[in-house]
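Below: one structure, written as structure tokens.
Naming: A, B, ... by sequence-line order, numbering from 1 per chain. Reckoned from all heavy atoms, side chains included, excluding hydrogens, waters and symmetry mates.
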Number of protein chains: 2
Amino acid sequence: MQKIPDLAALVAETGGRHRTATQHVEATLRNAILSGRLAGGTPLRQEDLARAFGVSRMPVREALRQLEAQALLDFVPHKGAVVTEISAADAADTYAIRMALEPACLERSVPHLAEAEFAAAAELIEEMDSEPDPGRMGELNRRFHMVLYSAAGQPKLLALTESTLAGFDRYLRFHLAAHGRAHMSQEDHRAMLAAAQSRDIPLALHVLRGHLETAAATIATFFAGRGGADSGGFS
Amino acid sequence: MQKIPDLAALVAETGGRHRTATQHVEATLRNAILSGRLAGGTPLRQEDLARAFGVSRMPVREALRQLEAQALLDFVPHKGAVVTEISAADAADTYAIRMALEPACLERSVPHLAEAEFAAAAELIEEMDSEPDPGRMGELNRRFHMVLYSAAGQPKLLALTESTLAGFDRYLRFHLAAHGRAHMSQEDHRAMLAAAQSRDIPLALHVLRGHLETAAATIATFFAGRGGADSGGFS
DNA sequence: GGTCGCATAATTGGATCCAATCTACAATTG
DNA sequence: CAATTGTAGATTGGATCCAATTATGCGACC
């Protein structure tokens, strides 16, 4: 039951321009939740958000609904929308989904990947090497994975995978905290890229599965050590 | 550019009572789309829907947004929301997702299934044997699969699987039309249940994969024969 | 006859207002 | 002193109203 932190700061931050107010609110809140600035359990009252964003309650309502559909919020009647709690069980859940979806993406994508994708992936690896901000790290990691999957040619599968990956950003913070943020399984990333370039599908899948399993184990032990209680404790 | 068919009939049909008007509108429209009564490409104008449901445009708006998040609608600015088209490619896409998610569910669930679930699954098979209405068939099929997965103990994975299965109802009509609705892979269902009961995970997975592949192939050939054009042509 | 431009109509996003419902606290009574 | 009930506050769902943007149809001009 903690207060909403620095709401004004949140509002100001959104860089990209959005066509509608609803999109602006939704994007800002999603970033705040995924990046951990809005901790699990935080109640969001429509009235406060509306004032903070300088809009009416209506776009706020629609944005909250969208976020609820993305499982980032729970609507509690007459108590406000609360940010979904994260837990070790939840992390395992998300990983099970990734483990199911991503090999399917990679398998279908590898045969059709072209030079453009390989170049983009290599560049993303380099960016990750020299990115200090853990917030952007999640985005880079997501883009790297999605580039490798992008040639699968199945839009729904890719969309689902991308949204799952986006949700994973909430756990990535723990991963980084445990590993030291500097190198985040970059060896795995390089190995995946190399396997994809040589069209070695079984190897690529093997590396990917190992990559995911390692991350899952890291986060699990991290949660076990901390206890899930203060899940959102550090911003 | 066809007219919305029998909007009044749609509105009246919703049996269950819903707490809010938004939920009512959303449930009714989702049923209509999934069952094929609202064909792909049909434009839905907020004003018309609001009048038909006897509510303001606002709950309609929120319901449409929810359905958009479920990929059942596309928002076209100043043209209204149009029902997503279905196609052979889309069917393949949905099947790829099922093929990725459902074995993962089944694998995790089988060891923990109890008598209650086996009994429920067996009963659902019998119900499907004697169900004449293809509309309810989709629901029964969905419930059968979900019962077998229900002991997986991973709520997000299950939720994702269930929503994918729900979306699959749109294609199920074609499957039924091609096979003759009377028996819809009931042999597969019985075999899956038997394998689950004997805790034979590899066998259960094998049957499930075959089940999904068969259905995918059936729908693909059916689409190929018809051409995807009149996708929503028969209600 | 064809094409460009303007005016009108339609549609949506957003704001404000209203009603209904639930929570929480406090006063009162057994 | 505890339990219960009543009242006030807070919060949300819904309706109506307004503004902005765009599609469309008609007419004028080349």
Side-chain angles (χ1 to χ4, degrees), chain A residues 1-4 7 10-12 14 16-30 33 38 41-84, chain B residues 1-5 7 10-11 14 16-30 33 38 41-84:
Chain A
M1 296 308 171
Q2 61 194 68
K3 205 67 191 334
I4 301 179
L7 212 53
L10 278 187
V11 175
T14 313
R17 286 293 166 274
H18 298 279
R19 252 190 65 260
T20 69
T22 298
Q23 290 171 3
H24 176 207
V25 174
E26 184 197 343
T28 304
L29 288 181
R30 184 171 47 223
I33 294 174
L38 277 177
T42 306
L44 302 176
R45 289 188 306 271
Q46 298 180 359
E47 185 72 28
D48 294 350
L49 292 174
R51 259 204 318 276
F53 280 96
V55 296
S56 153
R57 256 183 43 223
M58 180 149 327
V60 172
R61 234 157 85 183
E62 296 193 352
L64 292 180
R65 274 249 155 73
Q66 302 274 50
L67 295 171
E68 184 203 18
Q70 296 166 35
L72 295 178
L73 296 179
D74 280 335
F75 269 65
V76 182
H78 301 95
K79 293 288 277 286
V82 299
V83 180
T84 308
Chain B
M1 292 304 180
Q2 63 192 70
K3 206 67 190 332
I4 300 180
L7 213 54
L10 276 188
V11 175
T14 312
R17 286 291 167 273
H18 298 280
R19 251 191 64 260
T20 69
T22 298
Q23 289 170 4
H24 177 206
V25 173
E26 185 197 342
T28 304
L29 288 181
R30 184 171 46 223
I33 295 173
L38 278 177
T42 306
L44 302 176
R45 288 188 305 273
Q46 299 180 359
E47 185 72 29
D48 294 349
L49 292 174
R51 259 204 319 276
F53 280 94
V55 296
S56 152
R57 256 184 42 225
M58 180 148 328
V60 172
R61 237 158 81 183
E62 296 193 352
L64 292 180
R65 275 248 154 75
Q66 301 274 51
L67 295 171
E68 184 203 18
Q70 297 166 35
L72 295 177
L73 296 178
D74 281 335
F75 269 65
V76 182
H78 300 96
K79 293 287 278 286
V82 299
V83 179
T84 309

Checklist entry - Rounded to whole angstroms, how far apart are CZ on B:Arg61 and P on D:dG13? => result 14 Å

Checklist entry - For the residue pair B:Leu73 and B:Thr84, what are the closest heavy atoms and their distance? => result N-OG1, 3.2 Å

Item to check | Nucleotide nearest A:Ser56 (side chain, heavy atoms from C-beta), chosen from C:dT16, C:dG14, D:dT16 | outcome: C:dT16

Item to check | Stepwise side-chain hydrogen bond (donor to acceptor under 3.5 Å, both in side chains) check, A:Gln46 with A:Arg61 | outcome: CA-CA 7 Å; A:Gln46 298 180 359; A:Arg61 234 157 85 183; 4.8 Å; no

Next on the checklist: Between P on C:dT11 and CG on B:Asp48, what's the gap in Å once rounded to a whole number?
Outcome noted: 7 Å

Checklist outcome for this item: Picking from D:dT16, D:dG13, C:dG13, the nucleotide nearest the side-chain atoms of B:Met58 would be D:dT16

Item to check | Qualifying residue for side chain to side chain donor-acceptor pair (under 3.5 Å) with B:Glu26, from B:Gln23, B:Arg30, B:His24 | outcome: B:Arg30

Checklist entry - Below 3.5 Å, does any donor atom in the side chain of B:Arg57 face an acceptor in the base of C:dG13, or the other way round? => result yes

Item to check | Nearest-nucleotide pick for B:Arg45, side chain only, options being C:dT11, C:dT16, D:dA15 | outcome: C:dT11

Checklist outcome for this item: When rounded to whole Å, the CD to P distance for the pair B:Glu47 and D:dT16 reads 11 Å

Checklist entry - A:Glu26 CD to C:dG14 P: how many Å, rounded? => result 12 Å

Checklist entry - Considering residues at least two apart in sequence or located in another chain, which fulfil the side chain to side chain contact (heavy atoms under 4.5 Å, CB included) criterion with B:Ala71? => result none

Checklist entry - From the list C:dA15, D:dA15, C:dG13, which nucleotide is the closest neighbour of the side chain of B:Phe75? => result C:dG13

Item to check | Spacing between A:Gln46 atom CD and C:dT21 atom C1', to the nearest angstrom | outcome: 14 Å

Checklist entry - At under 4.0 Å, does any side-chain N or O of B:Thr22 touch on OP1 or OP2 of D:dG14? => result yes

Checklist entry - Do you know which two heavy atoms are closest between A:Phe75 and A:Arg65, and how far apart they sit? => result CZ-N, 4.1 Å

Checklist outcome for this item: A:His24 NE2 to C:dG13 P, in whole Å, measures 18 Å

Checklist entry - Just how far, in rounded Å, is P of D:dG14 from CG of B:Leu64? => result 14 Å

Next on the checklist: Nearest whole Å is fine: how far is C:dT11 C1' from B:Arg51 CZ?
Outcome noted: 13 Å

